[in-house]
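Computed from a predicted structure; not experimentally measured. Numbers for residues simply follow the sequence, beginning at 1. Quick note: numbers below take in every heavy atom, side chains included, and nothing from hydrogens, waters or symmetry partners.
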Amino acid sequence: MEIKTFFDKDTYTLTYVVFDDTKEAVVIDSVLDYEPQSSTVKTDSIDKVCQFIAENNLQLRYVLETHAHADHLSGSQILKERYPDLLVAIGKNIVEVQKVFKEVFNLPKDFPTDARQFDHLMEEGKVLKVGNMEIETFYTPGHTPACATYKIDNVIFTGDALFMPDMGTGRCDFPGGSASDLYESITKKLYTLPDDTKVFVGHDYMPGGRELRYESTIKEQKENNIQLPGDRSQEEFVKFRQTRDATLSAPRLLFQSVQVNVDAGNLPQPEDNKVRYLKIPINVFRPASNQTKDVTLEDV
């Protein structure tokens, strides 16, 4: 098995192309470039992935999403346009996130919340075979209710559940997020894997200005993770995570990303004037006053 890594510096996202000697491949967490000031999309990140696929004569079979990302738009549908036999896959619990954000964005009544927008739902305990690779799914909720970690050979791809040891873990303050769930996901699933299991993360924000890093091991995580070392209690972690999350700003592309990603990476359909529109709710986090109070995330 081989892994090619791509880094999107605008959203600090890591995309992986994983393939074996059969030349069959999967992409994990692709990125559609989005510039919010002009509200324009570009395919520069996807183009780099496609160039690598072409240069290595790979057969792309799946795009795997670790969760419905809140910081970048998925490029899965652009990839599917270029590779018509490609399947877009995500963890089965995405339905819980779809239900929440259908209300937040007041999506049309016929917006499906049964995940039919995706081609394949990854289930814990079931193996997906691509070439000679066997892809196992671990449900790792906490950052969102639908987060999944994918294990291929002795490598896991953790999305936003577990970052590099000097960064810690993903935040847990999005709707349906839970610091307790994340603790259980990491300590009772990921940290029980063999110490030499390699960990590839979904983001790296290069704390302290260090160089990009995205690979560690379970042993390194248990010994050195600054937020969740292997000997930290659940009570300590939950208190830390909740306190820290209360200080964090919303991700820059939260609203644009989530409403696209719960729809499997599909951009909104054009309206009568042939223009697509993204919805941006007002005061959904902290209403400014009773006069401007609208729905909040606590209401849904």
Expected output: side-chain [X] to main-chain [Y] donor-acceptor under 3.5 Å:
{"X": "Lys99", "Y": "Asp114", "result": "no"}
{"X": "Gln59", "Y": "Lys23", "result": "no"}
{"X": "Asp204", "Y": "Leu212", "result": "no"}
{"X": "Asp33", "Y": "Ser45", "result": "yes"}
{"X": "Tyr16", "Y": "Val201", "result": "yes"}
{"X": "Gln117", "Y": "Pro112", "result": "yes"}
{"X": "Gln98", "Y": "Ala115", "result": "yes"}
{"X": "Gln259", "Y": "Lys279", "result": "yes"}
{"X": "Asn56", "Y": "Leu58", "result": "no"}
{"X": "Asn225", "Y": "Gly168", "result": "yes"}

hydrophobic_cluster_shared for [Y] and [X], side chain cutoff 4.5 Å:
{"X": "Leu87", "Y": "Ile90", "value": "no"}
{"X": "Met133", "Y": "Val49", "value": "no"}
{"X": "Ile53", "Y": "Ile28", "value": "no"}
{"X": "Val88", "Y": "Leu267", "value": "no"}
{"X": "Phe19", "Y": "Tyr214", "value": "no"}

Taking atom [atom1] of [X] as the centre, does the number of heavy atoms from other residues, nucleotides or ligands within less than 6.0 Å exceed 12?
{"X": "Asn273", "atom1": "CG", "result": "yes"}
{"X": "Lys92", "atom1": "NZ", "result": "no"}
{"X": "Glu271", "atom1": "CD", "result": "yes"}
{"X": "Tyr12", "atom1": "OH", "result": "no"}

What are the two closest heavy atoms between [X] and [Y], and how far apart are they?
{"X": "Gly91", "Y": "Tyr150", "result": "N-OH, 3.7 Å"}
{"X": "Ser76", "Y": "Ser30", "result": "N-OG, 3.3 Å"}
{"X": "Leu79", "Y": "Cys50", "result": "CD2-SG, 3.6 Å"}
{"X": "Pro175", "Y": "Val100", "result": "CB-CG1, 3.6 Å"}

Do [X] and [Y] have side chains that get closer than 4.5 Å, going by heavy atoms?
{"X": "Leu278", "Y": "Val260", "answer": "yes"}
{"X": "Phe111", "Y": "Asp263", "answer": "yes"}
{"X": "Ile135", "Y": "Met122", "answer": "yes"}
{"X": "Phe105", "Y": "Val258", "answer": "yes"}
{"X": "Met164", "Y": "Arg210", "answer": "yes"}
{"X": "Val31", "Y": "Leu73", "answer": "no"}
{"X": "Tyr139", "Y": "Cys147", "answer": "no"}
{"X": "Glu65", "Y": "Asp29", "answer": "yes"}

Scan side-chain atoms only and decide if [X] and [Y] contain a donor-acceptor pair under the 3.5 Å cut-off.
{"X": "Glu81", "Y": "Gln77", "value": "no"}
{"X": "Thr140", "Y": "Thr149", "value": "yes"}
{"X": "Thr169", "Y": "Gln227", "value": "yes"}
{"X": "Thr137", "Y": "Glu124", "value": "no"}
{"X": "Ser74", "Y": "Asn261", "value": "no"}
{"X": "Ser180", "Y": "Ser178", "value": "no"}

Are [X] and [Y] close enough for a salt bridge, meaning some N to O gap below 4.0 Å?
{"X": "Lys219", "Y": "Glu223", "answer": "yes"}
{"X": "Lys198", "Y": "Glu220", "answer": "no"}
{"X": "Asp195", "Y": "Lys222", "answer": "yes"}

Please determine whether side chain to side chain contact (heavy atoms under 4.5 Å, CB included) holds for the pair Phe6 and Asp8, giving the CA-CA distance in whole Å, both sets of side-chain angles, and the decisive distance to 0.1 Å. CA-CA 7 Å; Phe6 297 85; Asp8 175 47; over 6 Å; no
Can you measure from [atom1] ([X]) to [atom2] ([Y]) and round to the nearest 0.5 angstrom?
{"X": "Glu136", "Y": "Asp153", "atom1": "CD", "atom2": "CG", "result": "10.0 Å"}
{"X": "Leu121", "Y": "Lys126", "atom1": "CG", "atom2": "NZ", "result": "10.0 Å"}
{"X": "Met206", "Y": "Lys9", "atom1": "CE", "atom2": "NZ", "result": "10.0 Å"}
{"X": "Leu162", "Y": "Ser216", "atom1": "CG", "atom2": "OG", "result": "6.5 Å"}
{"X": "Phe163", "Y": "Arg213", "atom1": "CZ", "atom2": "CZ", "result": "14.5 Å"}
{"X": "Leu253", "Y": "Glu35", "atom1": "CG", "atom2": "CD", "result": "9.0 Å"}

Hey, would you say the Tyr34 and His72 ring centroids sit under 6.0 Å apart? no
Does Val27 form a side chain to side chain contact (heavy atoms under 4.5 Å, CB included) with Leu60? I'd like the steps, not just the answer. CA-CA 8 Å; Val27 168; Leu60 185 57; 3.6 Å; yes
Where do Phe101 and Glu103 land on the side chain to side chain contact (heavy atoms under 4.5 Å, CB included) test, with the steps shown first? CA-CA 5 Å; Phe101 282 99; Glu103 298 299 321; over 6 Å; no
Are Lys80 and Asp119 close enough, and set up right, to give a salt bridge (Lys or Arg N to Asp or Glu O under 4.0 Å), and what steps lead you there? CA-CA 11 Å; Lys80 192 168 183 178; Asp119 302 306; 2.7 Å; yes
Dump the intermediate steps for salt bridge (Lys or Arg N to Asp or Glu O under 4.0 Å) on Arg82 and Asp47, then the final yes or no. CA-CA 10 Å; Arg82 299 183 183 184; Asp47 294 341; 2.8 Å; yes
How are the rings of His67 and His143 set relative to one another: parallel (under 30°), tilted (30 to 60°) or perpendicular (over 60°)? perpendicular
What is the ring orientation for His203 with Tyr205, classed by angle as parallel under 30°, tilted 30 to 60°, or perpendicular over 60°? parallel
Answer yes or no on whether Lys48 is positioned over the face of Phe52, meaning its NZ or CZ is under 6.0 Å from the six-membered ring centre and within 45° of the axis. no
So Ile218 and Asp196, side chain to side chain contact (heavy atoms under 4.5 Å, CB included) or not? Walk me through it. CA-CA 6 Å; Ile218 289 296; Asp196 63 352; over 6 Å; no
For a ring pair (Phe, Tyr, Trp, His ring centres under 6.0 Å) check, start with the C-alpha distance between Phe157 and Phe200, then their side-chain angles and the critical distance, and finish with the verdict. CA-CA 5 Å; Phe157 299 88; Phe200 282 69; 5.6 Å; yes
